[in-house]
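Only one structure is covered here, and it is reproduced in the block below.
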Amino acid sequence: MKKRVGLFITCLADVMRPSIPMAAVELLESAHFEVHVPMAQTCCGQPAYNSGDHRTTLALAEKFLDEFESFDYVVAPSGSCMGTIKTHYPDVLKDQPDLLRRFAAIQPRLFELTDFLVRVAHLTEAPGAFEGEVTYHDSCSGLRELGIKQQPRQLLSLVPGLSLCEMEQCEQCCGFGGAFAVKYGNISAAIADDKCANIQATKARAVVLGDLGCMMQIEGRLRRQGDDTTQVLHIAEVLTGKR
Amino acid sequence: MESQTLHFKARAGQKLADQRLQQNLKKLSAKFVTGRAAAIAALDGFEQIRDAAVNRRNVALKTLDVWLERFEAEAQRRGATVLWAQTPQEAADLVVQIARKHDCKQAIKSKSMVSEEIGLNAALEAADVQVTETDLGEYILQINGNEPPSHIIAPVVHKDKEEIADLFARTHHTPRKTDIPEMTREAREVLRAKFLSADMGITGGNFVVAETGSVALVTNEGNEGMCTILPRVHVAVTGVEKVLPTLEDLAAVMRLLPRSATGQTISNYFSVLTGPRREGDRDGPEHMYVVLLDGGRTSLVGGAFAEMLRCIRCGACMNHCPVYQKIGGHAYGWVYPGPMGSVLTPSYQGLESTQDLPQAATLCGQCQVVCPMKIPLPDLLRKMREQQFEREMRPGMERWALRLWSYAARHPWLYRPGARLASRILRLMGGERRRVQNLPGASGWTAYRDLPVPSQATFKQQFAQRAKGKTAG
Ligand code: SF4
């Protein structure tokens, strides 16, 4: 019997970059999991959580449990969304003993995509290929909330033709920060400039990362500065070779 | 100190445009970030040492009143006087009264952020007491028209050598020098005379120790020694949360403070001062006072922000903050900048005038990682935002946008067609290059960056299609 994986698409990728969840489906299926996509899913609630809107966050946390608790695993192609679910829901649900109990039951089965591919699926080959050098940006929530660091690098080493060239300060924030990027656009862009400079200094053809928010921030800023060549890719896209 | 927190946005904009400042702020990562990383890596068992120190601070703060009373009793027993101030104003008044009582006319000061908090220099000057800052950085700021510090341990981090060379030449009427040891010597010569003629020495207090009634001071220049030994009167001003039960607690936190702050294993100077000069002592002041400020601190005890009281003012959170690194300390508008300031300032001054501070953070989490006291700064900022949300303090547009999104996110029948529509519109707007450079209503984004837009229908649409294909096949 194949294990059932519930894919948490992430609201941003659903609209802005569907190739990411599509690549995630392909990777999970190639690792012999049965992938399910609850169609009523929307958002993990992070925008509400970070805006201090507790009621909405709570409602969305409950919605998540309703939609996903029946799966063997839940996987999201985003450290930021999975960080919210896995590390912050306990705080969101702290006054709801029933929900908290349900959450505790599912918590060990929640995974960010690269973490899942390495630790559960034990991926040993990648369907995609990439000619040349890439550099990897460690997005904040994945890195600091979920400990995603070696997993993506290990996966990238499976891609034929690809070599990894680390940038300076790969763990430094890109300046996205959700609504922060819009409310304090100038500060956010100044932070992004350092990130872009570090990326460009590597001469890599692409910067690879695991979070769409940061991708949009970095790509948006690179393009605005006139860099039309450095590709900004999600790790799932690189692993499948599909963008 | 007068608060400028209301003008955060405007000030941040100015700071971003200031090329010289941008250059100077690079020192932060080069010096402090690298220094801390090396010092922590070289410390065996850092995590355990940190946990133990956090625990000691928690024990102290849990029964803060008990330790403060003990401190008072032990300090008084050794001849020092302990005075309590509820408000910053009261604290400043107390120091002025001490100056009057002992007929002090000239004060020398070592670095103290609490003295900034209570506006001490201005209060003393108004009472005809001449104050001289003796920490080199603070001295530079003082002769530059009483400019406020921009960092809690490196007050002039926003300035470069050239700027200071100009300032010295202008103020000291000497030929312009750019060699740092020579510049330091010049300042030292000016200060030497002040050290010798002062009748009052003012310091902060990095910690106060209950079991011995001592005040502990950390500096790199040794000026705190001069301030506490030469003048007749020594006044230490600090916050009530700085009390530690025992000398062992002091040793435990001191293993972390210099390492986290500057990457030093120990600061150049470290003084533990216990009472005034006694019979037979060779030096020390005739009178020693400790002024302990509440200033909003005790209101945090037992509340949502209580963990903030553990702070040992090392500055690591701001050194590692991507926002601080870009705008510097002055943009924050009050005494304490960076992540710790964005929790403390609203706590002490109220959220009304500090609207931007909890919002102006990416919540990247690096501050929490480096904080030697394991203060969950991002969580605390989020809690501040929760209060802002509940009290409807954010701008109307923002609240409405959030409400609209919230409704849609909770109602999939509305959300899905909405997502499809958004995708359609963006694809149309994106054109060949698949990006939008000016999106009405999202100018906060597009003013600074392009918006990469999708090239395909939503994932849900594609996945539903694919499933249909599968069943059909
Ligand atoms: S909050 Fe932590 S890192 Fe920041 S100054 Fe205080 S102790 Fe240091």
Side-chain angles (χ1 to χ4, degrees), chain A residues 9 11 13-22 25 37 39-43 45 47-56 59-60 63 91 140-141 144-145 169 171-173 175-192 194 215-217 219-221 223-224 232, chain B residues 9 12-13 16 22 29 322-323 325-327 356 359-366 368-369 379 382-390 394 398 402 405-406 408-410 412 415-416 419 422-423 426 435 437 442 444-445 447-464:
Chain A
I9 312 166
C11 55
D14 180 37
V15 174
M16 300 305 286
R17 193 116 161 186
S19 52
I20 296 171
M22 216 36 125
V25 171
V37 179
M39 284 292 172
Q41 64 176 294
T42 56
C43 171
Y49 187 55
N50 286 346
S51 303
D53 179 354
H54 176 72
R55 280 224 340 253
T56 301
L60 291 174
K63 183 169 173 299
D91 171 53
C140 298
S141 313
R144 287 183 265 275
E145 293 178 352
Q169 300 195 299
E171 295 184 0
Q172 175 90 353
C173 177
F176 174 60
F180 170 84
V182 176
K183 289 182 197 168
Y184 305 92
N186 52 352
I187 304 176
S188 169
I191 300 172
D194 286 356
M215 286 172 68
M216 291 171 63
Q217 162 87 345
E219 185 171 354
R221 192 65 190 166
R223 301 297 174 255
R224 180 59 57 92
V232 182
Chain B
K9 271 196 170 168
L16 287 169
Q22 291 303 315
S29 355
V323 174
Q325 287 171 358
K326 285 294 154 203
I327 61 175
D356 281 304
Q359 301 280 334
T362 66
L363 304 181
C364 76
Q366 188 60 13
Q368 178 172 0
V369 170
D379 291 340
R382 220 181 264 112
K383 280 185 199 168
M384 286 279 169
R385 293 181 185 185
E386 209 168 295
Q387 294 191 353
Q388 290 180 316
F389 179 84
E390 275 157 18
R394 298 296 302 163
E398 190 181 313
L402 189 61
W405 170 85
S406 161
R410 284 177 290 122
Y415 190 90
R416 250 180 101 178
S423 167
L426 287 171
R435 60 182 103 127
Q437 292 198 302
W445 181 275
Y448 301 98
R449 17 181 149 44
D450 290 1
L451 181 69
V453 299
S455 53
Q456 310 149 359
T458 69
F459 170 77
K460 281 183 194 161
Q461 280 172 290
Q462 294 186 47
F463 191 79

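Quick note: numbers below take in every heavy atom, side chains included, and nothing from hydrogens, waters or symmetry partners. First the proteins, then the strands, lettered A, B, ... as listed; each starts at 1. Note that this is a predicted model, so its numbers are computed, not measured.
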Among the options A:Q217, A:Q169, A:M215, pick out the one with the most heavy-atom pairs lying under 4.5 Å from chain B.
A:Q217
Among A:M22, A:K63, A:E219, residue most engaged with chain B (heavy-atom pairs, under 4.5 Å):
A:M22
Pair count under 4.5 Å, heavy atoms only, with chain A: among B:A464, B:A422, B:P322, B:A12, highest is B:P322
Side chain from CB out, backbone as N, CA, C, O: work out which of these in B:A442 comes under 4.5 Å of a heavy atom of chain A, or both, or neither.
neither
Distance in Å, A:E171 CD paired with B:Q366 CD, rounded so as to fall on 0.5 Å steps
7.0 Å
If one checks every heavy atom of B:K326 against chain A at 4.5 Å, the contacting part turns out to be side chain
Heavy atoms only, distances under 4.5 angstrom: which of A:A190, A:G177, A:A13, A:A189 has the most pairs with chain B? Name it, please.
A:A190
Using a 4.5 Å cut-off on heavy atoms from C-beta on, say whether the side chain of A:R224 contacts that of B:Y448.
no
Flag the pair B:E386 / A:Y49 as yes when at least one side-chain heavy-atom distance between them is below 4.5 Å, and no otherwise.
no
Using the rule side chain to side chain contact (heavy atoms under 4.5 Å, CB included), only one of B:V323, B:I327, B:D356 pairs with A:Y184; which is it?
B:D356
Side-chain contact, heavy-atom cut-off 4.5 Å: B:K460 with A:P21?
no
B:L402 and A:P47: which non-hydrogen atoms are nearest, and at how many Å?
CD1-O, 4.4 Å
Give, for atom CD of A:Q41 and atom CZ of B:R416, the distance between the pair rounded to the nearest 0.5 Å.
10.0 Å
Under 4.5 Å between any side-chain heavy atoms of B:R394 and A:S51, yes or no?
no
Could you tell me which portion of A:R221 (side chain, backbone, both or neither) has an atom closer than 4.5 angstrom to a non-hydrogen atom of chain B?
both
Side chains of B:S406 and A:R55: any donor to acceptor distance under 3.5 Å?
no
Sub-4.5 Å side-chain heavy-atom contact between A:R223 and B:P452
no
Please report the closest heavy-atom contact between A:A181 and B:W445, naming both atoms and the distance.
CB-CZ3, 3.8 Å
Are the side chain of B:R385 and the backbone of A:N50 linked by a donor-acceptor contact shorter than 3.5 Å?
yes
At a heavy-atom distance under 4.5 Å, which candidate from B:Q462, B:R435, B:Q437 has the highest pair count against chain A?
B:R435
Who passes side-chain contact (heavy atoms from CB on, under 4.5 Å) against B:F463, sequence neighbours left out?
A:V25, A:V37, A:M39, B:F459, B:R466
Below 4.5 Å, heavy-atom pairs only: which of B:R410, B:M384, B:Q388, B:Q359 has the largest tally toward chain A?
B:Q359
Under 4.5 Å from any heavy atom of chain A - which part of B:A447:
backbone
Among A:C140, A:G185, A:A179, single out the residue with the greatest number of heavy-atom pairs under 4.5 Å to chain B.
A:G185
Given A:M216, which partner from the list B:L451, B:D450, B:V453 fulfils the side chain to side chain contact (heavy atoms under 4.5 Å, CB included) test?
B:L451
Looking at A:I20, A:D91, A:V232, A:V15, which one has more heavy-atom pairs under 4.5 Å with chain B than the rest?
A:V15
Restricting to non-hydrogen atoms, name the atom on B:W405 and the atom on A:G45 that form the minimum distance, rounded to 0.1 Å.
CH2-CA, 4.4 Å
Comparing B:C364, B:A419, B:G365, B:S455 against chain A, the one with the most heavy-atom pairs below 4.5 Å turns out to be B:C364
So, the part of B:Q22 with a heavy atom under 4.5 Å from chain A: the answer is neither
Heavy-atom proximity to chain B below 4.5 Å, by part of A:S141
neither
Could you look at A:I187 and say if it's the side chain, the backbone, both or neither that has a heavy atom under 4.5 Å from chain B?
both
May I ask you to test the A:K183-B:E398 pair for a side-chain heavy-atom distance under 4.5 Å?
yes
Euclidean distance, A:D194 CG relative to B:S29 OG, rounded to 0.5 Å
8.0 Å
